[in-house]
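Remarks on the structure that follows.
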Amino acid sequence: MKKLSVVVIIFIMLFNSSTVFATPLVKYQGELNYPPFNDLNHGVPRGFDVDLTNLIFKETDYTVDYSMGNWSEVYKNLVDKKIDTVGLLALNPIRKEEILYSNVVMQWNVGIYTRSGFKKISLDSLKDLNVAVGKDQYTEKILSDKVGIKNYKTFLNIQEEIRALESGEVDAVFENQEVVNYLLTKTDLNGVIKPQVTNLFPVDIVYSVSKDRPELVTYINERLKDIEKSGVYEELYQKYFFTHSKIYNENKMNQYLSFALIGIIIIIILIFIIQRYIKFLRKRIMIVNKELVNQYEQLETVHEELAITEEELRAQYDQALKSEEIARLSEERFRLAFEGANDGLWDCDLTNGTLLYSEKCNELLGSNNKNLDKNIKYFEKLIHPDYMELYNFNANRHLKHETSYFSVELKMKTRTRGYVWMLVRGKAIFNKSGIPIRMAGSLTDISQRKQHEEIIYKMAYYDSLTEIPNRILLESKLNEAINEAKVSNEDLAVMFLDLDNFKSFNDNFGHAFGDKLLIKIAQLLEGVVSEPSIVARIGGDEFIVMLRSISSQEEVKRIAEEIIKAIQQLLIIDNKEIYITTSIGIALYPKDGTDVTSLLSNADTAMYYSKGIGKNTLQFHNYLMSDIIAEKLKLEHDLRQAVKENQFLVFYQPKVDVNSRKITGMEALVRWFKPGVGIIAPNKFIPLAEETGLIVPIGLEVLKIACTQNARWQEAGYPPIRVAVNLSVCQFQQRNLVEIITEVLYNTGLKPCYLELEITESIAMNDFEYTIEVINKLKVMGIHISLDDFGTGYSSLSYLKNLPINTLKIDKSFVDDITVSLNGKDISKALVMMAHSFNLTVVAEGVETEEQFQLLKEQGCDVVQGYLFSKPVCFEEFEKMLIKL
């Protein structure tokens, strides 16, 4: 019994000892299928990340428990503190808040890869391509938030992305270039797939730690330093990435800098030694020189005494020779200068009015000494009449002793080149009485310089595309006009023009097309505005018209209306028929400002107000506009926030068969539910959404919701009916519109025959050929097309009969008139008859009274919608209507 007790005690001590000395556990979970960082080899984790983890955590310090999983789950486990680390990850602001992390271990860069031979692409062109990216990876967030690409394909791992790229399923891969380069090398695909753009969006890579284990951060940082110093990190990096690490390159650079510093120090020391030695030699040379100077001075004294007598004898003889030589040289030099100068030289005897010309002067004027008249009157006749007054003014000032010489730039007539720019310079010689007796000067051809000056002036003050004044010249001319107006007490007007929806033309037809459109607009403006008023382009699609000496505000309004009319006509550019409009803001001097800045600013404010009330109009500035525009900017900010937070609802208004009075379809209408405010009417935000381009994501969301809801109603057993969704101008001009709609139908499961797309006349007429092409593609799919708001835009019968549409919708403005106006009744009847002649279904919207309904029924209208039957309602209320069918 005693022995048994001893054994038990020893066992307990051993157990406690093993417990006491057991190393702490670190739970590591890596991302599955993310080589070369993490991978499974026969069920065993391997890769750069795993090897680095083994190096960091010594067996004597920690025990590491390895596991692998899907990245989303792995990262969630780390945040939820179920594991201690996921190893290396890309650091971003969100992750900084959720986890702890080490010092930076490396940097990752993003690369764009395509198949070999694929067209040259850039970061901006990704929006037009089918792009692959890792699901829930940091590259997906960069692609979405920083690049702004919203339509892309996600894959669970990079191997799948490469396979999709190789097979042509996608056009490009947007991924971690270190991982892609590794996989391309391993799979021997370097010749098949190539990088297009590299070293994008560098991201710091750190070692991740759960917030429950802060002690690991200090431990990991210390271990990383030891591993880097030992060189083990470099060997591990080269093993997986086949190149040197950033740490290695930094160390090499530090070595080179150290060697360079040592070399510089050695050179400085040598220079110091050499300087000391040179200083010593200079002292020795000074001593020797001093002795030689003393001896030389003694000899020189003797020589001077001997030579002084000879010098006195030669002096008189030399002086005579020198005077003769000076005279001869002066004459020779004058002759050479006169005949050989690059400029033409002339010499005029003012006492008798005769001129002497150099050969160069004759050459410039296109003559020779024999037939060039030497009378000064002939010379002056060669001066262009417009510059004669300037020439006389400068010459007379000099002859009156007011200037030391005269110089004037003017045009002179030559025999072969017509009038040419010349620089004429001259200087007079006066007698003792101060009367000019002689004048000499030069003639220089400055035509080439003038051409260069003209080019430089044009580059500085004129728009290079449209060749009309730019902002600099406009502000200068406007400032001059203001100063003159202050003296003459005249009024000025400044018009600020901005083309409506110009960006859509650039996006859909290219910048070359947009440039041609801007040139055309400039020509139209110059056709309306005449001198002394000017037209200027100040950037993009913005123009300024400055009107001088205006008689009244009505005159300004008339000119602005002429501009609007001139621009909104049918334009043909590159064989495309387009319509474009402009919004105009007007500021008047001195009412709206007395300086350039205030006039341009207030005209700009009026222009924004003009856009806000519906575009294609003009507005004079008033000081209430600033508050309205501020309110509009606030609304735009809230609208952008609404798009981010998906604050939009879809209501449905039934379409009713005229004969059976039963629901045969519905129209999906967007509503904005703003938290704390409630429902905001569409007329408050739809124009702003179209102006800012936000209508594209809003319209796509409405399309998705409407298709999803209609498919669910059909799955629930309700009678299948068609849902109509409105397309804006911006949406219709998307070059991938057909693909977008196809994807929505596929994802929602709605058959194309139960979708109807409503387009307006402005969409149809914007690019008629493109409109027909898109509509035909949609109709081939089985989608119905309606022409909405007919009669309120540009339509003509010749266009209408060529549009491949199914339905014509009569605008509410016509329906309102049918019971109160005989003309209104006749118009609606004519519209119905015309539509039926084209085999189109007719829908009348805005039917609010039984009387309107009966009249439309008599006229043969097929379908109506309006408050007589139901206002737009939420999907729960509309579902109650479906139950009754």
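Keep in mind that what you see is a predicted model, and the values were worked out from it rather than measured. The figures that follow rest on heavy atoms only: side chains count, while hydrogens, waters and symmetry mates do not.
Using a 4.5 Å heavy-atom cutoff, the side chains of Gln852 and Leu868 are not in contact. Using a 4.5 Å heavy-atom threshold, the side chains of Leu570 and Ile578 count as separate. Residues Phe838 and Leu803 form no side-chain contact, since every pair of their non-hydrogen atoms from C-beta on lies 4.5 Å or further apart. Between Val535 and Ile544 the shortest side-chain heavy-atom distance does not fall below 4.5 Å. Between Asp604 and Met607, the closest side-chain pair of non-hydrogen atoms falls below 4.5 Å. Contact annotation: the side chain of Thr692 approaches that of Arg640 to within less than 4.5 Å [non-hydrogen atoms, C-beta and beyond]. Between Ser144 and Tyr152 the shortest side-chain heavy-atom distance falls below 4.5 Å. Two residues are said to be in side-chain contact when any heavy atoms from C-beta on lie closer than 4.5 Å; Val656 and Val658 fail this criterion.
For the pair Glu562 and Arg558, the salt-bridge criterion is met [side-chain N within less than 4.0 Å of a carboxylate O]. With salt bridges taken as basic N to acidic carboxylate O contacts below 4.0 Å, none links Lys150 and Glu701. Look at Arg537 and Glu542 and you find no salt bridge, because none of the NZ, NE, NH1 or NH2 atoms lies under 4.0 Å from a carboxylate O. A salt bridge links Glu848 and Lys812; the closest N-O separation between the charged side-chain nitrogens and carboxylate oxygens is under 4.0 Å. One finds no salt bridge joining Glu773 and Lys779 here, because no Lys/Arg side-chain nitrogen approaches an Asp/Glu carboxylate oxygen to under 4.0 Å. A salt bridge links Asp638 with Lys634: the closest approach of a Lys/Arg side-chain nitrogen to an acidic carboxylate oxygen falls below 4.0 angstrom.
For Glu667 and Asn726, the side-chain atoms include at least one donor-acceptor pair closer than 3.5 Å. Between Glu858 and Gln854, the side chains place no donor N or O within less than 3.5 Å of an acceptor N or O (distance only, hydrogens not considered). Side-chain N/O atoms of Ser828 and Gln859 include a donor and acceptor closer than 3.5 Å. No side-chain donor from either of Tyr652 and Gln709 sits under 3.5 Å from a side-chain acceptor of the other. For the residue pair Lys751/Gln714, the side-chain donor-acceptor check at 3.5 Å is not satisfied.
Shown here is Glu743, whose CD atom has no more than 12 heavy atoms of other residues, nucleotides or ligands within 6.0 Å. Sparse packing is recorded around CE of Met833, with 12 or fewer heavy atoms of other residues, nucleotides or ligands lying under 6.0 Å away. Surrounding NZ of Lys825 are at most 12 heavy atoms belonging to other residues, nucleotides or ligands under 6.0 Å away. Open room surrounds NZ on Lys557; 12 or fewer heavy atoms of other groups in view lie less than 6.0 Å from it. More than 12 heavy atoms of other residues, nucleotides or ligands lie within 6.0 Å of CD in Gln569, so this atom counts as buried by the packing criterion.
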Evaluate the criterion side chain to side chain donor-acceptor pair (under 3.5 Å) for residue pair Thr581 and Lys615; output intermediate values, then yes/no. CA-CA 8 Å; Thr581 60; Lys615 304 179 182 178; over 6 Å; no

- Query: Could you go step by step and tell me if Thr760 and Asp788 meet the side chain to side chain donor-acceptor pair (under 3.5 Å) rule?
  - Reply: CA-CA 5 Å; Thr760 61; Asp788 197 8; over 6 Å; no

Would Gln865 and Gln653 count as a side chain to side chain donor-acceptor pair (under 3.5 Å) if you check the C-alpha gap in whole Å, the side-chain angles of each, and the deciding distance to 0.1 Å?
CA-CA 7 Å; Gln865 68 181 96; Gln653 186 174 37; 3.0 Å; yes

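Ring centers of Phe853 and Phe869: under 6.0 Å apart, within the cut-off. Taking the six-membered ring wherever Trp is involved, the centroid distance between the rings of Trp713 and Tyr754 does not fall below 6.0 Å.
A cation-pi contact links Arg735 to Tyr770, judged by a cut-off of 6.0 Å to the six-membered ring centre and 45° from its axis. In this structure, Arg671 fails the cation-pi test against Phe685, since its NZ or CZ atom is not both closer than 6.0 Å to the six-membered ring centre and inside 45 degrees of the ring normal.
Not a single donor-acceptor pair under 3.5 Å links the side chain of Asn602 to the backbone N or O of Ala587.
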